[in-house]
Undergrad: 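I'd like to ask some things about the structure below.
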Amino acid sequence: MNRYILLALILIVIVICPFKNLAASEKQGKPNVILILADDMGYECVGTYGSLSYSTPNIDKLASQGIKFGNCVSNPLCSPSRLKIMTGLRNFRNYEHFGYIDNNHPTFGNVMRNAGYATAISGKWQLNGLSNKDIIPDWGDKDKPNKLGFDEFCLWQLTLTRPQGERYANPKIDRNGTVLDLPEDAYGPNVFNDFVLDFIERKQDQPFFIYYPMVLVHDPFVPTPDSKEWVNKELRYKNDTAYFKDMVAYADKMVGKVISKLKELDLFENTIVIFTGDNGTLPSITTQTSHGVIVGGKGNTTDAGTHVPLVVSWPEKIKEAKNYDGLIEFCDFFPTFAEVVSEKISETDGISFLSLLKGEKYMARETAVVHYNPMWAPNVQKYANQFARTLDYKLYQNGKFYNLKKDILEQHPLDFNSLSDSEKETYKQLQKEIDKLPKWDPKIPTTQYIQIPAGRSLD
């Protein structure tokens, strides 16, 4: 090589590299954030939480390098949980109809976009009030995701209802306002995942926020492209719980692809990757775990209905893997993201756990509170419930009090008169939290357990 050409190349490198490093340094102060929300995946489905029935190596690896949270409390059902996690408010403040969010309630998408982040959502929406079209003026608003903070979207159940098209084989998906014309062999989870990967690729030079509410592993329990039955088109919507194992594995595969893309683009170190689930597993699913057999509790306010996995990876700040067994409530995500971008928020029921991720002093929450009224059917009141809990004790609005450490299935309510002094103090502490919630009409029946109608999931 001509020595003058070589000298010129060296000078170019000397001049360009500092600017490249400066750009990387500037971005390093603003972590990317990816929130992955699995659909109907209780904590017992994940290997790192003791599952013996399913394979989740990618999620397990995230936990082995980050923080595994042992007590994340969701709401028992999809739509209530999604409103709570997106807005940082308990449902009595903003939940008006099943499957609906009002545009007047800002989401974490609005917070992140206001802070200069590129924002996207991909997966399950179900917040356009499609099941209440006769009473909701903006029930079919295809721009609602944009109004709620997302620059781009790729969604199922935005403008089309579930009977008009499912989420798996031959899916009906809206992408940025257009219903996609997909090939016959398209598989919904792949479409949503590809959108996420493409967004990461396109926005790699600026901070981005991705909310990835997966459609997996919700029923119908059907084959995935990795199932041998997939090759037979007639079997692609054969509903059988035997396929649940394949669906969990595919959800984990999708997580792995996101991690691989971040590493490929050298973004993994300063990206906060969060994996959680919206509620417990469907009651038709029974899971073998290292600590016993767990029957899914979706729709119920028991532990099996509200105990979800939560794994957080952020290599830039989380240098050593650890377990955190304190309480985290779904309303905590909103203020956490706001603190990440130094945005002030006017109202939240949550407590930021950013300092916990950064290894700084963290004031752990003492209680978690759930106000649950899904508003799903004409007799919705019978599903409604309220509870407040500490790590070891749980109090319902009807006065039933349980020792969760000894009675996780909540079969033996404690008699107040037989409580120890410390238990009575805990009871009073939880009653104060219950008293902050809307009062129940005693004429409206409430129950701790619900019966999901045969052959149909609640969402």
Side-chain angles (χ1 to χ4, degrees), residues 31-51 53-69 72 74 78 81-82 85 120-124 154-156 167-168 187-201 203-204 208-218 224-227 243-281 287 308-316 318 321 328 333 357:
N32 306 306
V33 181
I34 301 178
L35 172 60
I36 304 172
L37 182 76
D39 198 355
D40 290 2
M41 185 186 284
Y43 77 102
E44 76 276 10
C45 295
V46 182
T48 189
Y49 288 91
S51 178
S53 297
Y54 318 113
S55 176
T56 56
N58 293 297
I59 301 169
D60 297 344
K61 188 173 182 180
L62 275 184
S64 71
Q65 299 171 340
I67 301 178
K68 182 179 81 172
F69 293 79
C72 181
S74 71
C78 172
S81 277
R82 287 160 198 263
I85 199 172
I121 178 172
S122 184
K124 178 177 175 179
C154 182
L155 296 168
W156 177 69
R167 69 197 85 187
Y168 298 127
Y187 180 61
N190 287 340
V191 177
F192 300 125
N193 194 265
D194 288 345
F195 179 86
V196 170
L197 301 184
D198 177 68
F199 188 82
I200 293 172
E201 182 94 37
K203 304 299 181 180
Q204 61 179 296
F208 57 77
F209 170 70
I210 299 173
Y211 177 35
Y212 183 11
M214 287 183 162
V215 294
L216 288 162
V217 293
H218 195 289
T224 75
D226 289 346
S227 307
Y243 296 120
F244 186 74
K245 180 178 181 179
D246 292 356
M247 296 171 76
V248 172
Y250 214 89
D252 182 78
K253 179 179 179 178
M254 299 292 94
V255 173
K257 286 192 171 187
V258 172
I259 300 306
S260 294
K261 174 59 70 174
L262 292 172
K263 290 181 176 179
E264 172 193 326
L265 300 175
D266 198 25
L267 298 173
F268 183 62
E269 290 292 315
N270 200 33
T271 298
I272 303 173
V273 179
I274 302 172
F275 176 85
T276 188
D278 63 350
N279 48 247
T281 312
T287 301
V308 292
L310 174 57
V311 172
V312 181
S313 168
W314 188 10
E316 181 67 32
I318 304 172
I328 297 291
F333 291 79
L357 305 184

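Only heavy atoms go into these numbers, but all of them, side chains included; no hydrogens, no water, no symmetry mates.
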Undergrad: Are Cys72 and Ser74 side-chain neighbours, meaning at least one heavy-atom pair lies under 4.5 Å?
TA: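 The answer is no; the side chains never approach within 4.5 Å.
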Undergrad: Please give me the minimum heavy-atom distance between Thr287 and Glu44, naming the atom from each residue.
TA: CG2-O, 3.4 Å
Undergrad: Looking only at heavy atoms, what is the nearest atom pair of Tyr212 and Pro189, with distance?
TA: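 Distance-wise, the nearest heavy atoms are OH-O, 4.2 Å.
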Undergrad: Looking only at the side chains, is there a donor atom on one of Thr56 and Asp252 sitting less than 3.5 Å from an acceptor on the other?
TA: no
Undergrad: Any non-hydrogen side-chain atom of Thr281 less than 4.5 Å from a side-chain atom of Phe244?
TA: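 With C-beta onward as the side chain, the pair touches.
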Undergrad: Start with the C-alpha gap between Met254 and Asn190, add the side-chain angles, then the distance that decides, and say whether side chain to side chain contact (heavy atoms under 4.5 Å, CB included) holds.
TA: CA-CA 8 Å; Met254 299 292 94; Asn190 287 340; 3.7 Å; yes
Undergrad: To the nearest 0.5 Å, how far apart are CZ in Phe209 and CD1 in Ile34?
TA: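 Going from the CZ atom of Phe209 to the CD1 atom of Ile34 covers 10.0 Å.
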Undergrad: Side chains of Asp40 and Asn279: any donor to acceptor distance under 3.5 Å?
TA: yes
Undergrad: As an exercise, state the distance from CG of Asp194 to SG of Cys154, rounded to the nearest 0.5 Å.
TA: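 The CG atom of Asp194 sits 9.0 Å away from the SG atom of Cys154.
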Undergrad: Answer whether the closest heavy-atom distance between the side chains of Leu62 and Val273 falls below 4.5 Å.
TA: yes
Undergrad: In Å and rounded to the nearest 0.5 Å, what is the OG to CE distance from Ser51 to Met41?
TA: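 CE of Met41 is found 9.5 Å from OG of Ser51.
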Undergrad: With rounding to the nearest 0.5 angstrom, report the CG to NZ distance, Asn193 to Lys257.
TA: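 NZ of Lys257 is found 6.0 Å from CG of Asn193.
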Undergrad: Does any non-hydrogen side-chain atom of Asp39 lie less than 4.5 Å from one of Leu216?
TA: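 Heavy-atom side-chain distance check fails, nothing below 4.5 Å.
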Undergrad: Where does the angle between the aromatic ring planes of Tyr187 and Tyr250 fall among parallel (under 30°), tilted (30 to 60°) and perpendicular (over 60°)?
TA: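 The rings of Tyr187 and Tyr250 stand perpendicular, inter-plane angle above 60°.
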Undergrad: About how many Å separate CG of Asp198 and NZ of Lys203, when rounded to the nearest 0.5 Å?
TA: 9.5 Å
Undergrad: Work out which heavy atom in Phe268 is nearest to a heavy atom in Ser313; give both atom names and the distance.
TA: CZ-OG, 3.5 Å
Undergrad: Kindly determine whether Lys124 and Met214 satisfy side chain to side chain contact (heavy atoms under 4.5 Å, CB included), including the steps that lead there.
TA: CA-CA 6 Å; Lys124 178 177 175 179; Met214 287 183 162; over 6 Å; no
Undergrad: Heavy-atom distance under 4.5 Å between the side chains of Phe208 and Leu267, does that happen here?
TA: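 Yes; the side chains approach each other to less than 4.5 Å.
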Undergrad: Please answer whether the main-chain N or O of Lys61 pairs with a side-chain N or O of Ser64 as donor and acceptor at a distance below 3.5 Å.
TA: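 Here the side-chain-to-backbone pair exists.
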Undergrad: For a quick test of reading the model, state the closest non-hydrogen atom pair linking Arg82 to Tyr211 and the distance between them.
TA: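 Minimum heavy-atom separation between Arg82 and Tyr211: CG-OH, 4.1 Å.
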Undergrad: Are Phe195 and Ile210 close enough, and set up right, to give a side chain to side chain contact (heavy atoms under 4.5 Å, CB included), and what steps lead you there?
TA: CA-CA 11 Å; Phe195 179 86; Ile210 299 173; over 6 Å; no
Undergrad: Please report the closest heavy-atom contact between Tyr168 and Val217, naming both atoms and the distance.
TA: OH-C, 3.8 Å
Undergrad: Run the side chain to side chain contact (heavy atoms under 4.5 Å, CB included) check on Leu35 and Phe275 step by step: do they pass?
TA: CA-CA 6 Å; Leu35 172 60; Phe275 176 85; over 6 Å; no
Undergrad: Keeping the roles fixed (side chain from Thr271, backbone from Asn32), state whether a donor-acceptor pair exists under 3.5 Å.
TA: no
Undergrad: Measure the spacing between OG1 of Thr224 and CE of Met247 and express it to the nearest 0.5 Å.
TA: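 The OG1 atom of Thr224 sits 8.5 Å away from the CE atom of Met247.
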Undergrad: Scan side-chain atoms only and decide if Ser227 and Asp246 contain a donor-acceptor pair under the 3.5 Å cut-off.
TA: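 Judged by distance alone, the side chains do pair up.
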Undergrad: Would you say Leu310 and Val312 make side-chain contact, with heavy atoms under 4.5 Å?
TA: yes
Undergrad: Do Pro213 and Asp278 have side-chain heavy atoms sitting under 4.5 Å apart?
TA: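 Result no, sub-4.5 Å side-chain heavy-atom pair not found.
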Undergrad: Using every non-hydrogen atom in the two residues, find where Glu269 and Trp314 come nearest and quote the distance to one decimal.
TA: O-CD1, 3.6 Å
Undergrad: Using a 4.5 Å cut-off on heavy atoms from C-beta on, say whether the side chain of Asp60 contacts that of Val46.
TA: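 In short, these two side chains touch, coming nearer than 4.5 Å.
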